[in-house]
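Read through the structure below, which is laid out as structure tokens, and then see the notes.
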2 protein chains.
Amino acid sequence: MNKVTAVTIFESLASGVRLEVYRLLVRNGAEGVVAGEIASTLGVPPTNLSFHLKALTHTGLVSVEQEGRFQRYRANLSMMSELIAYLTDECCGGNPELCGVSVKSVSAECACSSSDDK
Amino acid sequence: MNKVTAVTIFESLASGVRLEVYRLLVRNGAEGVVAGEIASTLGVPPTNLSFHLKALTHTGLVSVEQEGRFQRYRANLSMMSELIAYLTDECCGGNPELCGVSVKSVSAECACSSSDDK
DNA sequence: TTAATATTTCAATAGTTGTTGTATAATTGA
DNA sequence: TCAATTATACAACAACTATTGAAATATTAA
């Protein structure tokens, strides 16, 4: 994780629409959600949603897979783990355990994001 | 943690300058850093730094304490813990342990942020 | 092939954010 | 008190972001 990537991730989530999209995808885990369903669930016009989904996929925070004429989106949780590590790994001069924030890395077998971890 | 607060925190960190400030404060833990030292360490003009510090303190991500004519800033790590919890607590329909991301809450005795946890 | 569905791209516009210099406020030491 | 130091507030401008509707692209079904 580097500064530019971290800033881009924060920009990705610094929008009410994108934050709701991300959380919806986190809740739906490996199953993911297709674009039209995201739009109807959140009440966001498809044009606008597409704009925000593009921002989220561009950072890698969300992945997309074509499924016939649908686009299925999923949250990429390992990116979030890396981000948290970046924010805390130098805490107190390199002793993150003192800070009360810990992160386990996402394993390949993770029930929540396995189909999404390539 | 609610949506508006979370978006505000992400906005706070969605800037190279603010992210560097935050990480500098995390590294310095309870000791904190005064504004002038932040400015010289990061090479940011005082006027501009003040703008960014205001944004960080406004969200509560950073706290400030007056010390004579200096303003001493510190990272508020408990806010970060809450944010992470907000992002992951409904993962996989309420089973965050499946996601590989865990967060311990910041304790009052935390060596890193104790003088900052009021 | 044609029509319908799902999604994205484009262009226009409104609003927001970041940067700078100058001016101001607050604290300290002589 | 006065001058020096530290930091913030304000105003102006450039740059970026979000939203919308209309048009385009891609897939499926008839």
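FYI, side chains are in, hydrogens and waters are out, and symmetry mates aren't considered; it's all heavy atoms of this structure. All chains are named by letter (A, B, ...) in the order of the sequence lines, taking the proteins before the strands, and each is independently numbered beginning at 1.
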Original post:
Is there a donor on the side chain of Ser50(B) or the base of dA9(D) sitting less than 3.5 Å from an acceptor on the other?
Top reply: no
Original post:
Where the side chain of Phe51(A) is concerned, which of dA18(D), dT7(C), dT8(D) is the nearest nucleotide?
Top reply: dA18(D)
Original post:
Is the side chain of Arg18(A) donor-acceptor paired with the backbone N or O of Leu13(A) at a distance under 3.5 Å, no angle test?
Top reply: no
**OP:** Give the rounded distance in Å between these two atoms: CD of Glu37(B) and C1' of dT6(D).
**Re:** 14 Å
Subject >> Separation of dT17(C) P from His58(B) NE2 (nearest whole Å) >> reply: 12 Å
Original post:
Of Thr47(A) and Val64(B), whose nearest nucleotide on DNA chain D comes first from the 5' end?
Top reply: Val64(B)
**OP:** Tell me what Glu67(B) touches on the nucleic acid: a base, only sugar-phosphate, or nothing, going by heavy atoms under 4.0 Å.
**Re:** nothing
Subject >> Gln66(B) side chain near dT27(C) phosphate (N/O to OP1/OP2, under 4.0 Å) >> reply: yes
Original post:
Within this structure, what is the CZ-to-C1' distance between Arg72(B) and dA26(C), rounded to whole angstrom?
Top reply: 18 Å
**OP:** Rounded to the nearest angstrom, tell me the gap between atom CG in Leu49(A) and atom P in dA6(C).
**Re:** 14 Å
Subject >> Spacing of Leu42(A) atom CG relative to dT19(D) atom C1', expressed in whole Å >> reply: 16 Å
**OP:** Using the salt bridge (Lys or Arg N to Asp or Glu O under 4.0 Å) rule, collect all pairs that involve residues 3-13 of chain B, keeping only residues at least two apart or in two chains.
**Re:** Glu20(A)-Lys3(B)
Original post:
Does Asn76(A) use its side chain to pair, donor to acceptor, with the backbone of Gly60(A) at less than 3.5 Å?
Top reply: yes
Original post:
For the atom pair OH (Tyr73(B)) and CD1 (Ile38(B)), what is the distance rounded to the nearest 0.5 Å?
Top reply: 7.0 Å
**OP:** Quickly work out the Glu65(B) CD to dA7(D) P distance and round it to whole Å.
**Re:** 14 Å
Original post:
Which listed nucleotide (dT8(D), dT7(C), dT20(D)) is nearest to the side chain of Leu53(B)?
Top reply: dT8(D)
Original post:
With a 4.0 Å cut-off on heavy atoms, is Arg18(B) in touch with a base, just the backbone sugar-phosphate, or nothing at all?
Top reply: sugar-phosphate
Original post:
Checking Asn28(B) side chain against Glu31(B) main chain: does a donor-acceptor pair fall under 3.5 Å?
Top reply: no
Original post:
Considering only dT19(C), dT8(C), dT7(C), which nucleotide approaches the side chain of Val34(A) most closely?
Top reply: dT7(C)
Subject >> Short side-chain N/O contact from Asn48(A) to OP1 or OP2 of dT20(D), under 4.0 Å >> reply: yes
Original post:
Where each residue is assigned the nucleotide of DNA chain D containing its nearest heavy atom, which of Ala14(A) and Phe70(B) is assigned the position nearer the 5′ end?
Top reply: Phe70(B)
**OP:** Specify the separation, in whole Å, of atom CD of Glu11(A) and atom P of dC16(D).
**Re:** 11 Å
**OP:** Give a yes or no answer on whether the side chain of Ser40(B) reaches the backbone of Gly36(B) with a donor-acceptor pair at less than 3.5 Å.
**Re:** yes
**OP:** Kindly point out which of dG18(C), dT20(D), dA7(D) is positioned nearest to the side chain of Ser15(B)?
**Re:** dG18(C)
**OP:** Give the rounded distance in Å between these two atoms: NE2 of His52(A) and C1' of dT8(C).
**Re:** 14 Å
Subject >> Nearest-nucleotide 5' precedence on DNA chain C, Arg69(A) against Pro46(A) >> reply: Arg69(A)
**OP:** Determine: side-chain N/O of Tyr73(A) to OP1/OP2 of dA6(C), distance under 4.0 Å, yes or no.
**Re:** no
